[in-house]
Engineer: 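Take a look at this one; I'll ask things after.
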Amino acid sequence: MPNIQKRLPGRLPKVGIRPIIDGRRKGIRESLEEQTMRMAKSTADLITKKLRHSNGLPVECVISDTAIGGVAEAARCADKFVQEGVGVSISVTPCWCYGTETIDMDPLIPKAIWGFNGTERPGAVYLSAALAGHDQAGLPAFGIYGKDVQDQDDNSIPEDVEQKLLQFTKAGLAAATIKGKSYLSIGSVSMGIAGSQISPSFFSDYLGMRTEYVDMTEIIRRIEEEIYDKEEYQKALSWVKENCKEGEGRNRKDLKRSRSQKDAEWEMVVKMTLIARDLMVGNKRLAELGFSEEAEGHNALVAGFQGQRQWTDYLPNGDFMETILNTSFDWNGIREAFIFATENDSLNGVSMLFNHLLTDRAQIFSDIRTYWSPEAVKRVTGKELTGLAKDGILHLINSGATTLDATGQQKEEGKSTMKPFWEITEEEEKKCLENTKWSPANLEYFRGGGYSSTFYTQGVMPVTMVRINLVKGLGPVLQIAEGYTVDLSPEIHHILDERTDPTWPTTWFAPPHYR
C-alpha cells in the first residue's frame with residue numbers, strides 16, 4: 001500500500017467556503033438562505049471528492065457557520081477560518097450582496113468568488129462589484145462565472161465552473177502549502193549556475209519561504225559519526241542490490257574502478273540518500289539514537305545539492321540520491337516524491353515544486369540539451385521524423401538524476417503516464433526499476449565516481465516544461481512550454497543518443513509547432 005503521511009510540522013491548509021447573501025431582512029435574505037448555503041455545501045463536496053493534498057491526504061473544507069450578509073458575519077467567519085487553519089478562501093453567492101462589507105479582507109489568503117449565473121438574482125453583479133472592491137483594496141481575487149444561464153433551483157455545478165473551482169483551489173492550496181516552509185541549500189554554487197546562487201528575497205518575498213543552508217561537509221560528518229538509521233541503511237542497501245541493476249561503464253580502461261571500489265560507492269550513495277532526506281524533513285529515529293538536534297530536520301519542502309565540483313571531484317556524485325528522492329518509491333515502498341534539485345539549482349527546484357503541488361506527480365529534472373530539426377535528423381541518420389516529431393524534437397537529458405517515474409512504465413488505459421503516487425501499483429514500481437540501469441559515473445566528469453540512472457522515456461505523454469528565472473529590475477519570470485514525449489525508431493534514437501552520453505536518462509520531446 002502507498003505510504004500516505006504528513007512529513008512536515010503544522011496543519012495542512014484547509015479550504016474556507018464563504019456563503020455570501022443579500023443582508024436585507026424581512027423577505028429578501030430569508031428567500032435566499034437555502035440556495036446560498038446549498039451552493040456552499042456543493043462547492044465543499046466537489047473539492048473534498050475531487051482533490052487531495054500532494055501527500056495523498058484528503059482536502060478538508062470549512063463552511064462559515066452562517067451566510068454572510070454584512071461585516072459582523074464576515075468577521076465571525078474570518079475568526080473561524082483562523083481557528084480552523086484555512087489557507088484558501090472561496091466566496092459563493094447567487095445574488096446581489098453588499099460588496100466591501102462581505103469580502104474576505106485577509107491579505108495572505110488566496111481568494112476566489114463564484115457568482116451564480118442566473119436571471120432571477122444578480123450574482124454576476126455582486127461578482128463584478130466585489131472584484132472591483134478587491135482591486136481597490138489591493139486584495140487580488142479570482143472571478144468564477146459560468147458561461148450558461150442556470151435556473152434558480154438548479155443545484156448542479158456546471159462543468160466549466162467545476163474546472164475553475166478545482167484549478168483555483170489546487171493552486172491556492174499549493175501557495176498555502178509553500179508558506180512557512182524552507183528551501184534547503186546543501187552546499188553552495190555549482191559551476192557558476194545562476195540558479196544555485198540562492199536568493200533569500202525571492203523565496204521570502206514571493207513565496208513566503210525560508211532559506212536554510214548546510215555545508216556539504218555535514219553529509220560527511222553524519223557518515224563518519226554514523227548519524228543515520230543503521231537498520232534502515234541495511235534495508236536500503238539490500239533493496240538496492242536486489243532492484244538496481246548496474247549498467248555498462250564507458251570509462252577508459254585506465255580509469256575503470258575495481259569491484260571493491262564500486263561496492264564502496266554504492267554504500268556511500270545510499271547513505272547520502274538517507275542523510276539528505278533526514279536533513280530535509282527530519283527523522284524521529286535519530287532522536288532515539290541520541291541525535292535530537294539532527295532529528296529535527298530543516299522543514300524543507302524542497303532542497304538542492306551542489307555536488308559539482310568540490311564534492312564530485314573526489315566523492316561519489318549525487319545522481320542516485322537525487323533520482324531516488326525525486327522518485328515516487330524507494331526501499332520503504334511507494335510514497336510521495338521529494339523535490340530535490342540537481343546542482344542546487346533552486347529556481348529549477350521551485351519550478352518542480354510548483355508542478356508537483358499542482359499535479360501531485362513526481363517531476364523530471366532535465367537539461368534541454370539539443371534541438372534536432374527534421375533536416376538535421378535526416379542528415380545524421382538518413383531517416384525522416386514522423387508523427388508528433390515531424391517538426392523537430394528537443395533532447396532532454398540529465399547527468400543521471402531523473403525520477404524513475406519518467407521511464408514511462410506507469411500506465412493508464414494502456415498508455416504511458418506519470419501517476420500520483422497513491423495510484424502507482426507495485427507492478428508499475430517494479431517495471432520502472434527493471435527498465436533502469438545504473439551506469440558507473442563518467443569519471444572524466446565525476447572523478448569521485450557514483451552511479452547515474454540510465455533509461456529511455458517510453459510512450460507518448462503530455463508534458464509541461466517550466467523554468468523560473470530572476471531578471472534584474474523585473475523579478476521572477478516563468479517560462480512554460482508544452483508538448484509531448486515521443487518514441488523514436490531504434491535506429492534514430494541510437495544514433496542521436498550516441499552523440500551525447502548514452503549512460504544518462506533520455507527523453508525526446510516534441511513541442512507543438514516548434515520553430
Side-chain angles (χ1 to χ4, degrees), residues 245-256 319 323 342 364-418 431-446 451-467 479-515:
K245 298 179 292 185
E246 197 168 303
E248 178 186 357
R250 297 173 67 89
N251 290 299
R252 303 193 317 260
K253 289 185 178 180
D254 59 308
L255 293 178
K256 289 186 181 294
D319 284 359
T323 296
T342 297
I364 300 174
F365 189 115
S366 280
D367 298 332
I368 300 177
R369 186 60 60 94
T370 310
Y371 167 62
W372 281 96
S373 68
E375 295 78 14
V377 172
K378 181 71 177 291
R379 176 181 61 83
V380 170
T381 68
K383 307 287 184 180
E384 290 191 0
L385 293 173
T386 59
L388 288 171
K390 65 183 177 58
D391 293 323
I393 50 177
L394 295 177
H395 190 186
L396 308 184
I397 193 169
N398 186 280
S399 61
T402 301
T403 174
L404 300 189
D405 296 60
T407 55
Q409 297 302 314
Q410 297 166 23
K411 304 292 182 180
E412 188 171 25
E413 296 181 352
K415 297 180 179 179
S416 294
T417 187
M418 290 171 61
K431 287 183 177 179
C432 290
L433 289 163
E434 288 176 347
N435 281 271
T436 303
K437 292 184 178 180
W438 297 87
S439 301
N442 185 326
L443 296 175
E444 294 178 49
Y445 281 103
F446 303 114
Y451 291 92
S452 297
S453 57
T454 306
F455 62 80
Y456 170 42
T457 299
Q458 298 180 15
V460 176
M461 295 185 278
V463 174
T464 300
M465 296 198 299
V466 173
R467 168 74 192 191
Q479 294 174 288
I480 300 175
E482 295 184 321
Y484 294 88
T485 63
V486 292
D487 281 321
L488 301 181
S489 68
E491 298 88 352
I492 294 178
H493 170 68
H494 176 72
I495 293 171
L496 299 188
D497 208 27
E498 284 289 337
R499 287 180 167 246
T500 51
D501 190 328
T503 63
W504 291 346
T506 288
T507 303
W508 298 105
F509 174 79
H513 312 300
Y514 185 86
R515 294 290 184 269

Engineer: Return yes if some donor-acceptor pair links the side-chain N/O of Asn442 with the main-chain N/O of Glu444 below 3.5 Å, else return no.
Structural biologist: yes
Engineer: With salt bridge (Lys or Arg N to Asp or Glu O under 4.0 Å) as the rule and sequence neighbours excluded, what pairs involving residues 377-388 come up?
Structural biologist: Lys378-Glu384
Engineer: Determine the minimum heavy-atom distance between Ala401 and Ser453, stating which atoms define it.
Structural biologist: N-OG, 4.0 Å
Engineer: To the nearest 0.5 Å, tell me how far Thr417 OG1 sits from Lys415 NZ.
Structural biologist: 10.5 Å
Engineer: Can you confirm whether Leu396 sits close enough to Met465 that some side-chain heavy atom of one is under 4.5 Å from a side-chain heavy atom of the other?
Structural biologist: yes
Engineer: If you take all heavy atoms of Gly392 and Pro511, which pair is closest and at what distance?
Structural biologist: O-CD, 4.3 Å
Engineer: Please report the C-alpha distance between Tyr451 and Glu246 in whole Å, then the side-chain angles of each, then the deciding distance to 0.1 Å, and finally whether the side chain to side chain contact (heavy atoms under 4.5 Å, CB included) criterion is met.
Structural biologist: CA-CA 8 Å; Tyr451 291 92; Glu246 197 168 303; 3.7 Å; yes
Engineer: Of the non-hydrogen atoms in Asp391 and Tyr371, which two are nearest, and what is the gap between them?
Structural biologist: O-OH, 3.2 Å
Engineer: If the test is side-chain contact (heavy atoms from CB on, under 4.5 Å), which one of Met461, Gln409, Glu412 qualifies with Met418?
Structural biologist: Met461
Engineer: Counting heavy atoms not belonging to Lys390, are there more than 12 under 6.0 Å from its NZ?
Structural biologist: no
Engineer: Report yes if some heavy atom in the side chain of Leu388 is under 4.5 Å from a heavy atom in the side chain of Tyr484; otherwise report no.
Structural biologist: yes
Engineer: State, yes or no, whether a side-chain contact exists between Trp438 and Lys245 at a heavy-atom distance under 4.5 Å.
Structural biologist: no
Engineer: Using a 4.5 Å cut-off on heavy atoms from C-beta on, say whether the side chain of Ile368 contacts that of Phe509.
Structural biologist: no
Engineer: To the nearest 0.5 angstrom, please state how far the CG atom of Asn251 sits from the CG atom of Leu443.
Structural biologist: 4.0 Å
Engineer: Go through Ser416 and Lys411 one step at a time and tell me if the side chain to side chain donor-acceptor pair (under 3.5 Å) criterion holds.
Structural biologist: CA-CA 5 Å; Ser416 294; Lys411 304 292 182 180; 2.9 Å; yes
Engineer: Please tell me whether Gln458 and Asp487 have a donor and an acceptor in their side chains that are separated by less than 3.5 angstrom.
Structural biologist: no
Engineer: Backbone N or O of Gly459 within a donor-acceptor pair of the Thr485 side chain at under 3.5 Å?
Structural biologist: yes
Engineer: Would you sort out whether Trp372 and His395 count as a ring pair (Phe, Tyr, Trp, His ring centres under 6.0 Å), showing the intermediate values?
Structural biologist: CA-CA 8 Å; Trp372 281 96; His395 190 186; 8.0 Å; no
Engineer: Before giving the answer on side chain to side chain contact (heavy atoms under 4.5 Å, CB included), spell out for Trp504 and Arg369 the whole-Å C-alpha distance, their side-chain angles and the decisive distance to 0.1 Å.
Structural biologist: CA-CA 12 Å; Trp504 291 346; Arg369 186 60 60 94; 4.0 Å; yes
Engineer: Determine whether a donor-acceptor pair (N or O, by modelled atom type, separation under 3.5 Å) exists between the side chain of Thr403 and the backbone of Ala406.
Structural biologist: no
Engineer: If you compare all heavy atoms of Ser452 against all heavy atoms of Ala441, which two are closest, and at what distance to 0.1 Å?
Structural biologist: OG-CA, 4.5 Å
Engineer: For Tyr456 and His493, take the angle between the two ring planes, folded into 0 to 90°, and tell me which bin it lands in: parallel under 30, tilted 30 to 60, perpendicular over 60.
Structural biologist: parallel
Engineer: Check whether any side-chain heavy atom of Thr342 lies under 4.5 Å from a side-chain heavy atom of Asn398, and answer yes or no.
Structural biologist: yes
Engineer: As an exercise, state the distance from OG1 of Thr407 to CG of Asp405, rounded to the nearest 0.5 Å.
Structural biologist: 7.0 Å
Engineer: Is the closest side-chain heavy-atom distance between Ile393 and Leu488 below 4.5 Å?
Structural biologist: yes
Engineer: Looking at residues at least two apart in the chain, or sitting in another chain, which of them share a side chain to side chain donor-acceptor pair (under 3.5 Å) with Thr507?
Structural biologist: Thr457
Engineer: Side-chain contact test, heavy atoms from C-beta onward, threshold under 4.5 Å: evaluate it for Ile492 versus Leu385 and give yes or no.
Structural biologist: yes
Engineer: Evaluate whether atom NZ of Lys431 has more than 12 neighbouring non-hydrogen atoms of other residues, nucleotides or ligands under 6.0 angstrom away.
Structural biologist: no
Engineer: Do you see a donor-acceptor pair shorter than 3.5 Å between the side chains of Thr454 and Ser439?
Structural biologist: yes
Engineer: Please find the pair of heavy atoms, one from Pro440 and one from Gly247, that lie closest to each other, and give the distance.
Structural biologist: CD-O, 3.4 Å
Engineer: Does Thr323 reach the side chain of Leu404, with side-chain heavy atoms less than 4.5 Å apart?
Structural biologist: yes
